[in-house]
*Asks:* 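Below is the structure I would like to discuss, written out as structure tokens.
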Amino acid sequence: MRLVSETILRIAVPSPLFRLFDYLPPREITAPLHPGVRVQVPFGRSRTVGILVATSRSSEIDPARLKRVHAVLDTEPLLPADILAMAQWAAAYYQHPLGEVLAGCLPVASRGDQSAEVRGTTVWCLTHTGIEATTADCTRAPQQARALEFLQHHPDGCSREQLNEAGIGPHILRALSARGWLKTRTRAATLIASSAVPSAAPSLNPAQAAAVDAITAARDQYQSFLLDGVTGSGKTEVYLQAIAACLAADRQALVIVPEIGLTPQLLTRFRQRLGIEPAVLHSGMNESDRLNAWLAARAGTARLILGTRSAAWVPLAQPGLFIVDEEHDASLKQQEGFRYSARDLLVWRAHRDGVPIVLGSATPSLESLHNARQGRYRHLSLPERAGVASAPSLRLLDVRNQKLDEGLSPALLAHMRKHLDQGGQVLLFLNRRGFAPTLLCHACSWVAECRRCDAHLTLHQRHRLLRCHHCGSQQPIPVQCPTCGCADLRPLGAGTERVEQALERNFPAVPQVRIDRDSTRRKGRLEDLLAQATRGDARILLGTQMLAKGHHFPGVTLVGIMEADQGLFSADFRAGERLAQMVIQVAGRSGRAERPGEVLIQTHHPDHPLLLQLVAAGYPAFAVAALAEREAAGLPPFSNLALLRAEATDARAPEQFLYAASADLDTRTLTGIERWGPVPSPMERRAGRTRAQLLLVARDRKRLQRLLAEWVPQLSNLKSARKVRWSIDVDPVDLF
Ligand code: ADP
Ligand code: ZN
Ligand code: ZN
């Protein structure tokens with residue numbers, strides 16, 4: 001360690017290395033620099049943009065060899081202290097290089113070296129005198145005359161780019177301003193207020209009122225709440241009133257929803273009820289809109305921010321309340337690259353910022369229920385549906401020995417007919433898109449398989465293709481069996497496309513929509529179909545989980561779950577929890593208005609304890625039993641997991657790497673930590689690569705964390721690491 005006369009800047013640079021890099025400040029800068037500013041630095045043979053994380057008086061490196069920062073890109077920190085701290089915590093907790101974590105939490109448009117300012121939002125327009133002025137007022141300044149004319153043709157104002165294109169430079173703008181003709185305006189104003197007048201709130205039932213009171217009473221202090229309310233119990237209403245109180249106290253509210261949950265329906269509800277325009281942040285937006293919303297949140301002009309996972313990173317000037325809706329949803333965990341849980345991050349951040357956080361769900365994760373039991377979260381429950389709606393009744397339909405019409409049993413068809421005749425809508429859930437999940441040779445039992453994955457190809461009749469749902473590869477449907485030459489190739493099993501045909505045959509006069517990833521590829525199509533479903537134009541709604549999550553279809557009286565058996569016998573220890581959540585969430589789409597709802601679940605296992613319990617006693621009873629099982633098995637939430645995955649085109653490389661990583665573990669303290677593997681991944685081959693994994697299980701989180709901190713950063717030094725892609729997943733949501 002050497003002491004240096006100049007300040008050393010410790011900089012996080014986007015690179016796979018688990019360390020900061022030391023630089024000297026640029027010569028011309030004398031004022032102290034604050035952590036959170038972006039800097040442009042020489043890195044390797046090129047330049048890159050990093051973030052100043054800390055300053056120091058000493059460095060491990062000979063000061064004579066330290067390079068200088070090229071340029072400081074921000075006059076004040078782009079990332080505030082809480083986001084910097086969260087990034088440091090998350091980098092350590094999830095074992096990911098800080099430079100990449102920080103680069104990832106900035107909107108793409110600010111990762112480069114451009115200035116991070118609201119883009120295209122400052123516009124120049126004429127003042128009252130400017131509008132009244134004529135070109136005759138500037139006969140001796142033809143450029144000004146031309147600019148005046150141009151601006152008179154653009155009453156809404158012009159951006160700097162527009163003016164530049166028109167050849168109107170800064171000196172002309174200055175001249176016009178000096179004459180009192182020109183002013184600037186910010187177009188981002190729409191983020192502050194919408195013209196909508198807040199609509200009246202329904203009066204809350206006692207359970208809702210108690211929840212809102214508890215949340216608002218926790219103002220200005222950290223407290224986690226688990227808002228555990230059955231579907232349709234008015235959780236969103238609780239959010240709205242808690243947010244209204246937060247906004248009235250001049251604080252900002254941040255709401256995180258799963259990817260599919262951010263629908264126009266939800267936005268409209270927020271807009272109408274609160275009378276303000278929410279700033280929206282999700283991955284489908286263009287970069288400059290994203291940057292504008294991000295900057296407005298950071299500046300405090302956006303008061304309510306609604307976003308998906310990555311919005312957990314948005315800086316807020318005056319944070320007041322965090323909400324995570326559908327907190328059990330797996331999409332809140334990023335499943336590639338930097339594998340973080342937006343929910344868990346936000347709980348950390350709430351603690352750091354001293355604000356309350358609400359985790360809401362009708363089917364809370366076992367983790368959150370456990371936290372509530374332990375007293376770490378406060379449990380708020382809404383046990384009944386709000387307003388006039390009543391809870392739907394669930395029933396199992398035994399389909400053994402039944403003649404199925406593309407998966408539809410006679411009993412289900414009869415019930416559909418009855419509900420349709422009575423004017424109800426029917427929602428059918430099948431979590432499998434395409435026409436058929438398998439194509440089989442009737443002569444020799446050959447099955448169409450993906451060449452690159454351990455998976456069957458799905459038949460897509462409409463596009464006349466076989467597609468792999470794991471790697472995306474596709475090929476034409478063969479006319480004959482490649483093994484025996486027989487032409488009798490048969491689709492086996494039913495996907496949504498096939499069920500759709502059966503429905504058209506059974507109910508030719510009934511309008512229907514199919515909602516899955518294939519039917520909603522075109523932009524705006526999902527919104528269209530959902531609107532048809534909500535309005536009641538479509539009477540049969542068929543779909544995958546895209547249809548099942550969060551939507552409110554007041555006319556649906558019957559829900560048919562076509563297959564509940566997929567999750568019953570899976571190797572993944574979370575499969576039961578996922579199945580229970582899925583059944584309850586889908587069931588929750590029915591009976592949302594005056595008419596009671598009915599839910600029918602087709603199964604070949606009508607005696608399965610999980611299904612019986614779910615139908616008879618509901619999700620809370622299921623959760624109690626599932627928690628007891630997890631405790632007995634020593635699985636989360638009673639233990640902590642970290643999964644090291646490796647994959648490579650060379651079939652032996654992943655296991656070689658994992659064995660080397662495992663041998664390295666032998667040199668360390670492993671008290672209280674179990675090692676499972678290395679083993680091949682459940683899907684051993686995907687997209688042409690062989691995959692394997694090594695699982696660490698620990699009762700004590702801190703111990704696991706200490707081990708990971710020593711072990712992971714140097715895995716890339718293993719010789720066998722060069723031949724594989726590897727990743728570490730802390731708190732994995734699936735083990736595939
Ligand atoms: P959740 O988010 O739990 O599914 P919502 O907040 O969407 O529930 O409420 C379900 C329906 O009940 C909505 O139509 C909502 O307007 C209505 N609702 C909610 N709370 C009340 C209440 N206190 N009185 C009357 N209707 C209510
Ligand atoms: Zn064959
Ligand atoms: Zn494949």
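Computation of the quantities below employed the complete heavy-atom set of this structure, encompassing side-chain atoms and omitting hydrogens, waters and symmetry-equivalent molecules. Just follow the structure's listing: the first ligand is 1, and inside any ligand the first atom is 1.
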*Asks:* I need the contact type for Arg589 against ligand 1. Using non-hydrogen atoms and a strict under-4.0 Å cut-off, is it side chain, backbone, both or neither?
*Replies:*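 The answer is neither.
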
*Asks:* Looking at Asp650 and Lys723, does any basic side-chain N land under 4.0 Å from a carboxylate oxygen?
*Replies:*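 Looking at Lys723 together with Asp650, the answer is no, because their closest N to O distance does not fall below 4.0 Å.
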
*Asks:* Output yes when Arg343 and Glu367 qualify as a salt bridge under the 4.0 Å nitrogen-oxygen rule, no when they do not.
*Replies:*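 No salt bridge links Arg343 with Glu367.
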
*Asks:* Counting only heavy atoms closer than 4.0 Å, does ligand 1 sit against the backbone of Thr236, its side chain, both, or neither?
*Replies:*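 Near ligand 1, Thr236 shows its backbone as well as its side chain.
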
*Asks:* Is Arg574 salt-bridged to Asp572, going by a charged N under 4.0 Å from an acidic O?
*Replies:*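 No salt bridge links Arg574 with Asp572.
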
*Asks:* Angle at the Zn ion (ligand 3) between SG of Cys471 and SG of Cys453, to 10°?
*Replies:*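 Seen from the Zn ion (ligand 3), SG and SG are separated by roughly 110°.
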
*Asks:* Are Asp228 and Arg378 within salt-bridge range, i.e. N to O under 4.0 Å?
*Replies:*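 Salt bridge flag = no for Arg378 with Asp228.
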
*Asks:* Counting backbone and side chain alike, does His442 bring an N/O/S atom below 2.8 Å of the Zn ion (ligand 2)?
*Replies:*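 Checking His442: none of its N, O or S atoms is under 2.8 Å.
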
*Asks:* Would you say Gly232 touches ligand 1, if touching means a heavy atom closer than 4.0 Å?
*Replies:*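 In this structure, Gly232 qualifies as a contact of ligand 1 - some heavy atom is under 4.0 Å.
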
*Asks:* Take the Zn ion (ligand 2) as the vertex and measure to SG of Cys481 and SG of Cys444; round to 10°.
*Replies:*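 Nearest ten degrees: 110°.
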
*Asks:* Under 4.0 Å from a heavy atom of Gly234: which atoms of ligand 1 are those, numbered in the order shown and with their elements?
*Replies:*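 This gives 1 (P), 3 (O), 5 (P), 6 (O), 8 (O), 9 (O), 19 (C) as the contact atoms.
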
*Asks:* Show the atoms of ligand 1 that are less than 4.0 angstrom away from any heavy atom in Leu204.
*Replies:*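 It comes down to these atoms of ligand 1: 23 (N).
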
*Asks:* Taking non-hydrogen atoms only, is Pro202 closer than 4.0 angstrom to ligand 1 via side chain, backbone, both or neither?
*Replies:*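 Contact part for Pro202 vs ligand 1: side chain (C-beta onward).
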
*Asks:* Applying a strict 4.0 Å limit to heavy atoms, is Ser203 in contact with ligand 1?
*Replies:*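 The answer is yes: ligand 1 sits under 4.0 Å from a heavy atom of Ser203.
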
*Asks:* Examine all N, O or S atoms of Cys486, backbone included, and report whether one is under 2.8 Å from the Zn ion (ligand 2).
*Replies:*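 It does not: Cys486 brings no N, O or S atom closer than 2.8 Å to the Zn ion (ligand 2).
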
*Asks:* Between Ala362 and ligand 1, find which residue part has any heavy-atom pair under 4.0 Å and reply side chain, backbone, both or neither.
*Replies:*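 For Ala362, there is no contact with ligand 1 at all, from either part.
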
*Asks:* Taking only non-hydrogen atoms of Arg385, do any sit less than 4.0 angstrom from ligand 1?
*Replies:*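 Per 4.0 Å heavy-atom rule, Arg385 does not contact ligand 1.
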
*Asks:* Count the heavy atoms of every other residue, nucleotide or ligand shown that sit under 6.0 Å from CZ of Arg578, and state whether that count exceeds 12.
*Replies:*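 Yes, enclosed.
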
*Asks:* Pick out which of Glu259, Gln334, His282 makes a side chain to side chain donor-acceptor pair (under 3.5 Å) with Arg309.
*Replies:*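 Only match with Arg309 under side chain to side chain donor-acceptor pair (under 3.5 Å): Gln334.
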
*Asks:* Judged on heavy-atom distance to atom 16 (O) of ligand 1, which of Arg269, His552, Gln208 sits nearest?
*Replies:*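 Comparing heavy atoms across Arg269, His552, Gln208, the nearest one to atom 16 (O) of ligand 1 lies in Arg269.
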
*Asks:* Is any side-chain N of the basic residue among Glu647 and Arg686 closer than 4.0 Å to the acidic one's carboxylate O?
*Replies:*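 So Glu647 does not pair with Arg686 through a salt bridge.
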
